[in-house]
Structure formats: C-alpha cells, structure tokens
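All values reported here derive from a predicted model rather than from experimental measurement. Here is the naming used below: chain letters follow the sequence lines, and residue numbers restart at 1 for every chain.
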Protein chains: 2
Amino acid sequence: MDRLSEVFAALADPTRRAILARLADGEATVNQIAEPFPISLQAVSKHLKVLERAGLISRGREAQWRPCRLDAEPLREVADWVAGYQRFWEQRYDTLGEYLRQLQQPET
Amino acid sequence: MDRLSEVFAALADPTRRAILARLADGEATVNQIAEPFPISLQAVSKHLKVLERAGLISRGREAQWRPCRLDAEPLREVADWVAGYQRFWEQRYDTLGEYLRQLQQPET
DNA sequence: TGGTTGATTAACCTACAGGTTGAATATGGC
DNA sequence: GCCATATTCAACCTGTAGGTTAATCAACCA
C-alpha cells in the first residue's frame, strides 16, 4: 500500500484520531493511552501499531514502558495533498460555469 | 461511522484519489472515469458510490449518463482537522519541552 | 529467584472492502 | 417495439480490519 493510503487508512478510525489528539498533549505510555477507551489494552496496542506503521507515532523504550510520541510529518503530507483541492472549497474564484449556474437560479 | 472517518476511509484508496484528481479537471461520466483504470466498470461504480456516500462527489442525470462532479466540502473538513496539528510540523514555535530538549543535545 | 506490572504476540471470530462475472435497469435511436 | 449503450445490482470470493481472550516477553522489586 502506498504511503498516503496508509496514512489515510490510519486516520479513518475515531479511536486512532483520539490517540493522536491525546499525544498532542505530550508523550504517554500504552496504559495511559488506553485508559479512556472502552476496549482492551491489546486492541489499543494494535491501533498503536497501525499508527506507527503509518509513521504517525514513534515509540521509545523506558524500563518496561513504551512511551509514544506524535510524529506529525505524515500529517504535513496530508495537508499538502488536500491543499491541492483548496480552490474547490474557496469560492473566491469565479468560473464561467459558476456564472451560468447563478444565472439559472432565480433569486431564491 | 462518523463523517470524518468515512471521508478518510474514502481517501485511503489510490484509485479513489485518482478519480477525485480526474474530477478536478471537470465533470465526467462513469465510462470516462473508468477508462484509465485496469479494473472493471462495476468496480469503479462501487468506488463512486463510496465517494458519493462520503460526500466527495455528486451525480447528475443526463439521458443514460450519470455525470459525476467533485464536491470538495469534505476536503475542507479534512483540511480543518489536519490544521489542528500544523504546529507539530512547523518548527517555528518554541515550547519549554523543545527548549529543554535542545539543551540536552550537545551540538551535534 | 520469583512475583508483579507493562506491553506484545498468537489464535480466533465476525464484518466488511475491493475485486470478479452475470443479470437487470434505464434511456435514446431506428 | 427492438436493439445498443450506460450504469447499476446481485451473488460470490478472498483478504484484511478491529475486536476478543489467553499466553508470552521484558523489566523492576523484594
């Protein structure tokens, strides 16, 4: 799977996005990360592996703890990708098509 | 599935992102969209359904054609979401943590 | 050395994603 | 009315995602 697809797939899960939000406040161990979620520690561990493979987090090794930290570089790639479509949601440009469409709409 | 997850999942496929790129150049019919891909027309039809459910495209009805057009609003939501992490890949801010980390590193 | 805590691995289950082929559903042309 | 074209629907297959429980690995503590 290509890199961007892997990143998007990693982000396509609310639990994983919540983990990233948690890590935005600073490093955390697996137990700390898992605490607010109603799923097993093992399931969280799997989510972390997905995030790690996507390059979104990296993990240290401190005694028996594995502190996780956010790695935002892939998010920059997402931002770059989506920026290529920015003109489609910013209405400031006027195309002929837009003009004609407005003509067709009687003042609603 | 929540909206943002659905959008990310839709984007987590290179074929679907290529379809969006195609539609950025203007409307297209299903056959026109499917033409460059080595998969069946039905598979493309499924991809279009995924994109439509995510709100990324909308479809008209013109005789027996179903012209697809890009609908970028969900991409704006993606941009908004990822913007919340912008500070993590832009090095311009200096947090205390950054400062301490720099102190710990002898000039490498 | 043996128990406790933190985290991963393994085996398993269910659901769904993405592809296929074949049939069905519009719509326009003759 | 009939045929061709455009598209979707239905049934099926295979792989993988996300969850579970049980077992294992690693590091500290007493």
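The line from CG of A:Asp13 to CG of A:Leu20 is 10.0 Å long, rounded to the nearest 0.5 Å.
Nearest approach of A:Arg16 to A:Ala9, heavy atoms of both residues: NH2-O, 3.1 Å.
Whole-Å rounding puts the A:Glu62 CD to C:dA7 P distance at 11 Å. As rounded to whole Å, 5 Å separates atom C1' of C:dT27 from atom CD of B:Gln64. Here D:dA6 presents its P atom at 16 Å from CZ of B:Arg59, a figure rounded to the nearest Å. Atom P of nucleotide D:dT5 and atom CD of B:Gln32 are separated by 16 Å, given to the nearest angstrom. At whole-Å resolution of the value, CZ in B:Arg53 and P in C:dG18 are 13 Å apart. Taking atom CZ on A:Phe37 and atom P on C:dA7, their separation rounds to 15 Å, with Å as the unit.
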Let me have a per-nucleotide readout for nucleotides 9-21 of chain D, 5' to 3', with B, S or -, counting only protein heavy atoms under 4.0 Å. B-B------SBBB

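Between B:Val30 and A:Trp65, the residue whose closest nucleotide on DNA chain D is further toward the 5' end is B:Val30.
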For side chain to side chain contact (heavy atoms under 4.5 Å, CB included), just list the numbers for A:Lys46 and A:Ile39, CA-CA rounded to whole Å, side-chain angles, deciding distance to a tenth of an Å, and then say yes or no. CA-CA 11 Å; A:Lys46 280 192 184 179; A:Ile39 59 177; over 6 Å; no

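Ion pairing of A:Arg76 with A:Glu73 is present here, as a side-chain N (NZ or NE/NH1/NH2) and a carboxylate O approach within less than 4.0 Å.
Here A:Asn31 does not reach the OP1 or OP2 of C:dT5: none of its side-chain N or O atoms lies under 4.0 Å away. The side chain of B:Arg61 contributes no N or O atom lying less than 4.0 Å from OP1 or OP2 of D:dA6.
B:Trp81 and B:Phe8 have perpendicular rings, their planes meeting at more than 60° on a 0 to 90° scale where under 30° would count as parallel.
A donor-acceptor pair under 3.5 Å links the side-chain atoms of B:Arg66 to the main chain of B:Gly60, judged by distance alone.
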